[in-house]
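Scroll down for the structure; my scribbles are underneath it.
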Amino acid sequence: MSAKIRPSKTTADTRLPRDWVDIASKEMKGGDPQSLIWQTPEGIDVKPVYGASDIEGLPHLSAEHGSFLPGIAPFTRGPKATMYAGRPWTIRQYAGFSTAEESNKFYRANLKAGQKGLSVAFDLATHRGYDSDHPRVVGDVGKAGVAIDSVEDMKILFDGIPLDQMSVSMTMNGAVIPVLAAFIVAGEEQGVERSLLSGTIQNDILKEFMVRNTYIYPPEPSMRIVADIIEYTAKEMPKYNSISISGYHIQEAGSTIVQELAFTLADGREYVRAALAKGMDVDAFAGRLSFFFNMGMNFFMEAAKLRAARFLWARIMADFGASQRSQMLRTHCQTSGVSLQEQDPYNNIVRTAYEAMSAALGGTQSLHTNSFDEAIALPTDFSARIARNTQLILQHETGVTKVVDPLAGSYYVEKLTADLIEEAWSLMEEIETLGGMTQAINEGMPKARIEEAAAQKQARIDKGEEVIVGVNKYQPTVETAVDVRDIDNAAVRDSQIMRLNRIRKTRDGEAHSTALANLEAAARGEGNILAAAVEAARARATVGEISWALENAFGRHVADVVTIEGVYEEAYGDDPLYHETKQAVAGFAGKMGRKPRVLVVKMGQDGHDRGAKVIATAFGDLGFDVTVGPLFQTPQEAADLAVAQDVDIIGVSSHAAGHKTLSPMLISELAARDAADKIVICGGVIPAQDYDFLTQSGIKAVFGPGTNIPEAAKSLIGLLQEQMRGRNIKA
């Protein structure tokens with residue numbers, strides 16, 4: 001049953017105060033003050049001036065919510081009465097790379113420098129449930145996070161870090177069972193009982209099916225895993241948060257703020273239902289649910305989003321009969337990665353500082369600030385120090401921690417809060433009509449909406465309507481070179497394989513086999529999967545072996561490839577550059593007798609497909625014949641698809657630093673298929689110092705973050721024309 005939220009009396013009311021209009025008209029020399037109203041990508045009208053009439057009758061300010069104070073349901077002003085005046089938010093830095101040894105050194109240095117909690121980034125091989133020696137993860141080991149194959153790696157990762165004193169957050173979803181099991185056993189072997197472990201496991205699989213794609217099993221058994229973890233931790237680990245319901249990756253994939261808010265809370269409602277279906281009491285687990293939101297560059301709306309989220313979650317949990325304490329939404333926040341730019345990269349320090357301030361004014365419980373170089377590569381020690389100090393300066397120098405919810409009572413912020421409540425609730429009710437979030441995801445609704453929003457945003461940026469300083473306006477005249485962290489993928493993989501071989505030789509074979517058989521039986525039957533996995537991890541079953549046992553029971557999920565059409569063109573309108581590019585593509589197609597064919601591929605285990613999907617949408621609208629390959633391809637599979645589709649151009653989308661390994665492999669595979677004439681280009685998060693390596697390997701062009709899509713499309717037509725001239729073909 002859904003809580004009813006009264007609509008705002010001022011919804012869609014864009015009337016401006018009459019006296020103000022008279023004055024503004026004179027200042028504008030006869031211009032229309034109504035033209036100053038701005039509509040956000042969420043469809044919310046933002047007026048240039050707000051007053052008392054704008055907050056009359058707003059749902060979160062109504063009499064039914066009593067004194068409207070922090071620490072009291074519905075917690076709009078904060079989950080704690082004293083908030084930062086009593087205790088500042090926790091400073092966390094999401095980090096992990098290379099081997100467990102290297103990450104451990106990085107963690108210990110950061111903790112010594114003032115960081116208060118650990119937030120672990122795992123490599124993509126681990127996320128997808130593969131051991132480091134699996135042939136599908138050759139380019140992924142240790143690149144976008146730390147490689148973890150077993151309990152032994154986990155013990156090294158936390159060596160010298162007391163797990164009974166340190167809160168540990170782990171961003172893990174697909175392979176959540178083996179990773180959490182290894183963490184529990186590592187704690188026990190460090191001498192820390194599981195009941196003393198504190199922190200958070202992300203365990204948010206619905207978001208993976210929407211945007212991030214590091215899933216392993218189909219949605220239904222994945223939801224059972226979520227419920228089993230909630231059940232196990234509620235009984236065995238009372239200090240540990242069993243799930244972090246994540247909107248972060250939803251906004252990173254291109255959603256609007258309303259979509260992030262609505263889809264995240266709808267996910268949370270679905271997880272509560274899954275736990276209740278196991279017969280649990282809502283108050284036995286609700287207090288250990290947490291959230292994770294993105295903080296982008298719409299400063300006031302991001303702060304209002306956190307206030308709206310707390311109000312909505314309290315109402316949702318009240319419907320489940322939860323106590324007031326269980327209605328409380330607690331959240332971690334992270335500054336936006338998408339807002340970081342490769343061009344003029346020191347601007348990113350300023351962006352992150354504003355986003356961090358927005359999180360603080362919105363009332364987050366913990367915060368990660370991105371490093372300025374993360375649009376290019378993994379952060380260096382230098383950039384991580386700046387990111388961490390950004391939070392320390394906020395806490396100690398700005399005075400922002402002295403007052404609880406300092407934005408409360410702002411006509412603008414309160415109206416934004418109400419607008420977000422109403423718009424998000426409307427979208428959540430639409431999801432309910434589809435049968436809930438799992439069914440909505442199965443039908444593809446959230447993913448399609450997010451991809452549409454992402455394409456619209458990219459068009460606004462390419463047109464210059466949405467200004468990004470240093471990218472589409474105020475570009476620097478001289479490029480800024482920055483040092484970046486480079487991981488030797490081959491060395492990390494060799495190191496991991498040596499440890500894996502040692503574990504396999506020294507473990508008790510019978511105990512190992514029995515534990516894995518019991519795990520598979522639990523997955524096929526009624527037992528708690530995490531409890532069985534803890535025994536398997538103790539017997540030194542690896543991440544890949546535990547994942548394989550579950551895959552035997554559940555199967556491995558393969559997503560359908562769906563692209564959208566017309567969105568980019570509709571958003572671009574009659575822009576001259578767009579239509580000039582479209583005519584160039586049409587002219588080439590006319591001379592060739594067919595459209596130019598492009599294959600967009602994601603190789604390795606990188607599931608971030610926002611860039612690939614935006615490119616596919618835009619290039620399709622511009623007149624290319626576009627094929628999008630399935631996720632998680634090997635170079636061999638990508639080459640086979642390129643030959644089968646007889647494409648002219650292969651666009652490799654890179655986000656997770658696998659380009660130096662996987663792109664040259666693709667070039668070799670094409671040559672082996674007598675297809676070396678196909679043009680291979682790369683796009684995405686690629687450091688400038690890697691461009692020469694890629695071009696020497698046979699890559700014809702590299703398009704980094706901030707590339708204007710119509711300009712890129714024109715350059716590809718140029719490459720095709722050059723190739724045709726080389727073959728003495730007129731085009």
Side-chain angles (χ1 to χ4, degrees), residues 122 126-131 148-151 154 170-188 194-195 197 199-209 214-238 240-245 267 270-280 284-285 288-289 438 511-557:
F122 297 93
T126 306
H127 271 288
R128 293 271 292 149
Y130 293 113
D131 287 333
I148 297 293
D149 290 316
S150 72
V151 170
M154 197 70 81
M170 296 190 291
T171 300
M172 179 53 62
N173 302 281
V176 62
I177 287 290
V179 167
L180 184 53
F183 176 71
I184 291 168
V185 175
E188 290 176 354
R194 68 188 75 168
S195 61
L197 294 172
T200 305
I201 189 77
Q202 192 163 99
N203 193 27
D204 178 8
I205 200 62
L206 290 176
K207 164 261 303 172
E208 299 297 323
F209 292 111
T214 56
Y215 46 71
I216 302 176
Y217 318 109
E220 286 75 14
S222 295
M223 285 296 291
R224 181 192 160 189
I225 287 172
V226 170
D228 277 11
I229 290 172
I230 293 173
E231 179 184 53
Y232 181 93
T233 53
K235 294 177 181 177
E236 303 286 339
M237 304 168 70
Y240 202 79
N241 297 327
S242 55
I243 191 166
S244 174
I245 305 154
D267 283 349
E270 197 84 339
Y271 295 135
V272 172
R273 287 172 175 157
L276 293 175
K278 293 184 72 68
M280 299 181 67
F285 65 86
R288 304 316 312 175
L289 305 179
T438 302
H512 167 260
S513 299
T514 300
L516 284 178
N518 290 341
L519 173 61
E520 185 174 337
R524 293 182 184 277
E526 299 295 329
N528 186 284
I529 294 171
L530 179 56
V534 168
E535 297 307 313
R538 188 174 287 117
R540 291 318 188 255
T542 66
V543 166
E545 290 166 343
I546 291 173
S547 298
W548 181 251
L550 297 179
E551 189 174 336
N552 284 340
F554 299 144
R556 183 172 279 262
H557 180 69

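Leu197 and Ile184 make their closest contact through CD1-CA, 4.1 Å (heavy atoms, listed as atom of the first residue, atom of the second, distance). For the pair Ile529 and Leu519, the tightest heavy-atom approach, listed with the atom from each and the gap, is O-CD1, 3.6 Å. In this structure, Ala284 and Ala234 approach most closely via the heavy-atom pair O-CB, 3.7 Å. A pairwise comparison of heavy atoms in Gly555 and Pro218 identifies O-CD, 3.5 Å as the closest pair. For Ala275 against Ile230, the heavy-atom pair with the smallest separation is CB-CG2, 4.0 Å. Nearest heavy atoms, Ala175 versus Ile216: N-CD1, 3.7 Å.
Two residues are said to be in side-chain contact when any heavy atoms from C-beta on lie closer than 4.5 Å; Phe122 and Val179 meet this criterion. Put simply, the side chain of Glu535 does not reach to within 4.5 Å of the side chain of Asn518, judged on heavy atoms. Under the 4.5 Å side-chain criterion, counting only non-hydrogen atoms from C-beta, Met172 is in contact with His127. Looking at Phe285 and Leu276, their side chains come closer than 4.5 Å, going by heavy atoms from C-beta outward. Within the 4.5 Å cutoff, the side chain of Ile225 has heavy atoms near those of the Ile177 side chain.
For the ring-ring contact (aromatic ring centres under 6.0 Å, His included) test, residues two or more places apart in sequence or in another chain that qualify with Tyr217 are Phe554.
Atom CE in Met223 sits 11.5 Å away from atom CG in Asp228 (nearest 0.5 Å). Atoms CD and OG, on Glu231 and Ser242 in that order, are 11.0 Å from each other to the nearest 0.5 Å. In this structure, the separation between OG on Ser244 and NZ on Lys207 is 8.0 Å, given to the nearest 0.5 Å. Put simply, OG1 on Thr233 and OH on Tyr240 are 9.0 Å apart, with the number rounded to the nearest 0.5 Å. Between the CD1 atom in Ile546 and the CD atom in Glu551 there is a gap of 14.0 Å [rounded to 0.5 Å]. Interatomic distance, Asp149 CG to Thr126 OG1, rounded to the nearest 0.5 Å: 6.0 Å.
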Inset, instruction - Start with the C-alpha gap between Arg194 and Tyr232, add the side-chain angles, then the distance that decides, and say whether side-chain contact (heavy atoms from CB on, under 4.5 Å) holds. - result: CA-CA 11 Å; Arg194 68 188 75 168; Tyr232 181 93; 2.5 Å; yes
Inset, instruction - Please step through side-chain contact (heavy atoms from CB on, under 4.5 Å) for the pair Arg288 and Thr200, ending with a clear verdict. - result: CA-CA 9 Å; Arg288 304 316 312 175; Thr200 305; over 6 Å; no
Inset, instruction - Please lay out, stage by stage, how Met170 and Leu180 fare under the test side-chain contact (heavy atoms from CB on, under 4.5 Å). - result: CA-CA 9 Å; Met170 296 190 291; Leu180 184 53; 4.1 Å; yes
Legend entry - Stepwise side-chain contact (heavy atoms from CB on, under 4.5 Å) check, Leu516 with Trp548: CA-CA 9 Å; Leu516 284 178; Trp548 181 251; over 6 Å; no
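The existence of a salt bridge linking Glu520 and Arg524 is confirmed by a sub-4.0 Å separation between a basic side-chain nitrogen and an acidic carboxylate oxygen.
A donor-acceptor pair is defined here as one N or O able to donate and one able to accept, closer than 3.5 Å; such a pair exists between the side chain of Asn173 and the backbone of Asp204. A donor-acceptor distance shorter than 3.5 angstrom exists from the side chain of Arg128 to the backbone of Tyr215, with no hydrogens or angles considered. Between the side chain of Asn528 and the main chain of Leu530, a donor-acceptor pair closer than 3.5 Å is present. In this structure a side-chain-to-backbone donor-acceptor pair under 3.5 Å is present from Glu545 to Thr542.
The closest side-chain donor-acceptor pair between Asn203 and Tyr271, if any, does not fall under 3.5 angstrom. Defined by atom type and a distance below 3.5 Å, a donor-acceptor pair is present between the side-chain atoms of Thr214 and Glu208.
Relative ring orientation between His557 and Phe209 is described as perpendicular, the plane-to-plane angle rising above 60° on a 0-90° scale split at 30° and 60°.
Within 6.0 Å of NZ on Lys278 lie more than 12 heavy atoms contributed by other residues, nucleotides or ligands.
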